[in-house]
There are 2 protein chains.
Amino acid sequence: MRTLTRKGAATRQRILEGAAAHIREHGVADMTLDDVLARTATSKSQLFHYFPDGREELLLAVARFEADRVLEDQRPQLGDLTSWSAWQSWRDKVVDRYRRQGRLCPLNAVTSQLGIRTPGAQAVVTELMHRWQAEIATGVRHMQDAGEIDPALDPDRAAAALLAGIQGGVLIQMSTGETDHLEAALDMGIAHLRAGRPAPS
Amino acid sequence: MRTLTRKGAATRQRILEGAAAHIREHGVADMTLDDVLARTATSKSQLFHYFPDGREELLLAVARFEADRVLEDQRPQLGDLTSWSAWQSWRDKVVDRYRRQGRLCPLNAVTSQLGIRTPGAQAVVTELMHRWQAEIATGVRHMQDAGEIDPALDPDRAAAALLAGIQGGVLIQMSTGETDHLEAALDMGIAHLRAGRPAPS
DNA sequence: GCTAGCATGGATCGGCAAGTCCAGTCTGGA
DNA sequence: TCCAGACTGGACTTGCCGATCCATGCTAGC
């Protein structure tokens, strides 16, 4: 696997995306390697050719794939939280993204399947959370610089709380199918940011 | 299984708690029925005698078992959120509970394993969330009656947001091992409740 | 103390799915 | 054009684990 021909890279990608799609539709516990092969018109030797460690390596690759999507799906709003209307528009995008996704969170599914024994999976999630939180915190700092948020507020801690609310909202949605909690958490988080702002000069 | 003798009930309970303990230690994917049997000194026929639908029924029972623990572990504080110091003490108890529990959340593990195809698992979680949210909302109403929280605030929505923060904080803890997000979410949620309170007469 | 039916032990089955292997094909650089 | 090595197909092995079954112990009410 040192060198991949174009054809090889395409096959690898097809397997990866096929696995991701299957997981999004049926969950990870139901995913068998043969399912992926059938869906992607590939054979077992190919799968093990591109993912020598088999199922585990494939799942980890899916986790990375899905983790990348999460932040991308919030662009460009996430990187540009420089006005209250931008925050609102980001909030709407997040809600919409997860509403579309439905009850199944592929990333949570994969990581909870890989579990403790695979530190790699946790690293993927941890890094995602750090990047996500950092981007939110940047937005908070922007608003502080603009005098819209109390400068005494700790941006990282505020971002952490907001991120936790999002994660929990999505988690609850996985059971209830409703985005009420996600929306409430986002609205409360943003309201809290606005509440403590200095009086307009 | 219509009637259980005392001995039978004890065996059933032993299997249930053994399974729960194994899941808490090793995760659900690693749990095999033989593991449970070995740990509880029982035999396969007993397991299927008390859980005729086998693994799935056992996991569902574990989910219920763990769900009950969650709220019980927050007593008596959760049922008595009638002063700010009570809220703070509840907050500390929640953080402490999840810090003890460590990276593995048995309930999340079990439900994400049972997944979509078992509506029962989702029902267990959904009901837990409803009860939890209702108890928090009751606390909010108490504080509103006491004039400590803005009466214009929607108690259910505030409770939903706070609950989402908790869930997300715990979820993030499962990857990072840290309770920072959980604490930030709780603190922000409670701060938000206090922030909008009417000026003391 | 008898007996109906609950409780237990453990051997065995059956199937599934991960992973291996080898034989054969295609690709691209020299 | 040639060939090393990348790519592909699919049968096969292997081991695990959920589930079944039946023979045998035990309990509890009468």
Side-chain angles (χ1 to χ4, degrees), chain A residues 1-20 22-23 25-63 109-110 113-115 117-118 120-121, chain B residues 1-20 22-23 25-63 109-110 113-115 117-118 120-121:
Chain A
M1 239 186 70
R2 306 190 184 101
T3 66
L4 287 184
T5 66
R6 196 174 311 167
K7 194 178 173 190
T11 300
R12 194 194 125 100
Q13 190 67 15
R14 208 164 73 246
I15 293 172
L16 176 57
E17 291 181 9
H22 189 95
I23 288 171
E25 292 165 24
H26 306 287
V28 72
D30 277 6
M31 188 208 77
T32 180
L33 296 189
D34 290 312
D35 288 337
V36 177
L37 303 183
R39 170 192 284 262
T40 57
T42 48
S43 70
K44 213 157 240 186
S45 62
Q46 296 178 69
L47 195 154
F48 279 88
H49 183 66
Y50 297 109
F51 302 93
D53 284 340
R55 180 187 176 83
E56 194 162 311
E57 187 175 352
L58 177 58
L59 288 183
L60 193 56
V62 170
V110 169
Q113 169 92 8
L114 286 175
R117 46 187 204 180
T118 311
Chain B
M1 236 186 72
R2 307 190 184 104
T3 66
L4 286 185
T5 66
R6 196 173 311 166
K7 194 178 174 191
T11 301
R12 195 195 124 98
Q13 191 66 13
R14 209 164 71 247
I15 293 173
L16 178 57
E17 291 180 8
H22 189 95
I23 288 170
E25 292 164 24
H26 306 286
V28 71
D30 277 7
M31 188 206 80
T32 179
L33 297 188
D34 290 312
D35 288 337
V36 178
L37 303 183
R39 169 192 284 261
T40 58
T42 48
S43 70
K44 213 157 243 189
S45 62
Q46 296 178 70
L47 195 153
F48 278 87
H49 183 63
Y50 296 110
F51 302 93
D53 283 341
R55 178 187 178 83
E56 195 163 309
E57 186 176 353
L58 177 58
L59 288 183
L60 194 55
V62 170
V110 169
Q113 171 90 10
L114 287 175
R117 45 185 207 182
T118 312

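Values in this document were obtained by computation on a predicted structure and should not be read as measured data. In what follows, every chain begins at residue 1, and chains take the letters A, B, ... in the order their sequences are listed.
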Check [X] against [Y] and note the closest heavy-atom contact, atom names and distance.
X	Y	value
A:T32	A:R55	CA-NH1, 4.4 Å
B:A121	B:L60	N-CD1, 3.5 Å
B:A109	B:V28	O-CG1, 3.6 Å
B:T40	B:R14	O-NE, 3.0 Å
B:A19	B:V62	CB-CG2, 3.9 Å

Within the 4.5 Å heavy-atom criterion, are [X] and [Y] side-chain neighbours or not?
X	Y	value
A:Y50	A:L16	no
A:Q113	A:M31	no
B:R12	B:F51	yes

- Indicate whether OP1 or OP2 belonging to C:dT8 is found under 4.0 Å from a side-chain N or O atom of B:T11.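 Checking B:T11 against C:dT8: at least one side-chain N or O falls below 4.0 Å of OP1 or OP2.
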- Query: Any side-chain N or O of B:T3 less than 4.0 Å from the OP1 or OP2 oxygen of C:dG5?
  - Reply: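 Indeed not, no polar side-chain atom of B:T3 lies that close.
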Nearest whole angstrom, please: distance from the [atom2] of [N] to the [atom1] of [X].
X	N	atom1	atom2	result
A:K44	D:dT8	NZ	C1'	15 Å
A:L37	C:dA17	CG	P	12 Å
A:H49	C:dG19	NE2	C1'	16 Å
A:D34	C:dG19	CG	P	12 Å
B:M31	D:dC16	CE	C1'	14 Å
A:I15	D:dT8	CD1	C1'	11 Å
A:F48	D:dT14	CZ	P	16 Å
B:L47	D:dC21	CG	C1'	16 Å

- Message: Reading DNA chain D from 5' onward, which residue's closest nucleotide shows up sooner: B:D30 or A:S43?
- Response: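 Its nearest nucleotide lies further toward 5', so the answer is A:S43.
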Heavy atoms from C-beta onward define the side chain here; which of [options] lies closest to that of [X]?
X	options	value
A:Q46	D:dC7, D:dG18, D:dG9	D:dG9
A:S45	C:dA11, D:dG9, C:dG19	D:dG9
A:Y50	D:dT20, C:dT20, D:dC7	D:dC7

I'd like a list of close polar pairs between nucleotides 25-30 of chain C and the protein, N/O only, cut-off under 3.5 Å.
none

- Query: What do the steps show when you test A:T42 against A:L47 for side chain to side chain contact (heavy atoms under 4.5 Å, CB included), and what is the final call?
  - Reply: CA-CA 8 Å; A:T42 48; A:L47 195 154; 5.9 Å; no
- Task: Estimate the overall bend of the helix from C:dG1-D:dC30 to C:dA30-D:dT1 from the end axes over five pairs each, rounded to 10 degrees.
- Result: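 End-to-end axis angle for the helix from C:dG1-D:dC30 to C:dA30-D:dT1: 30°, rounded to 10°.
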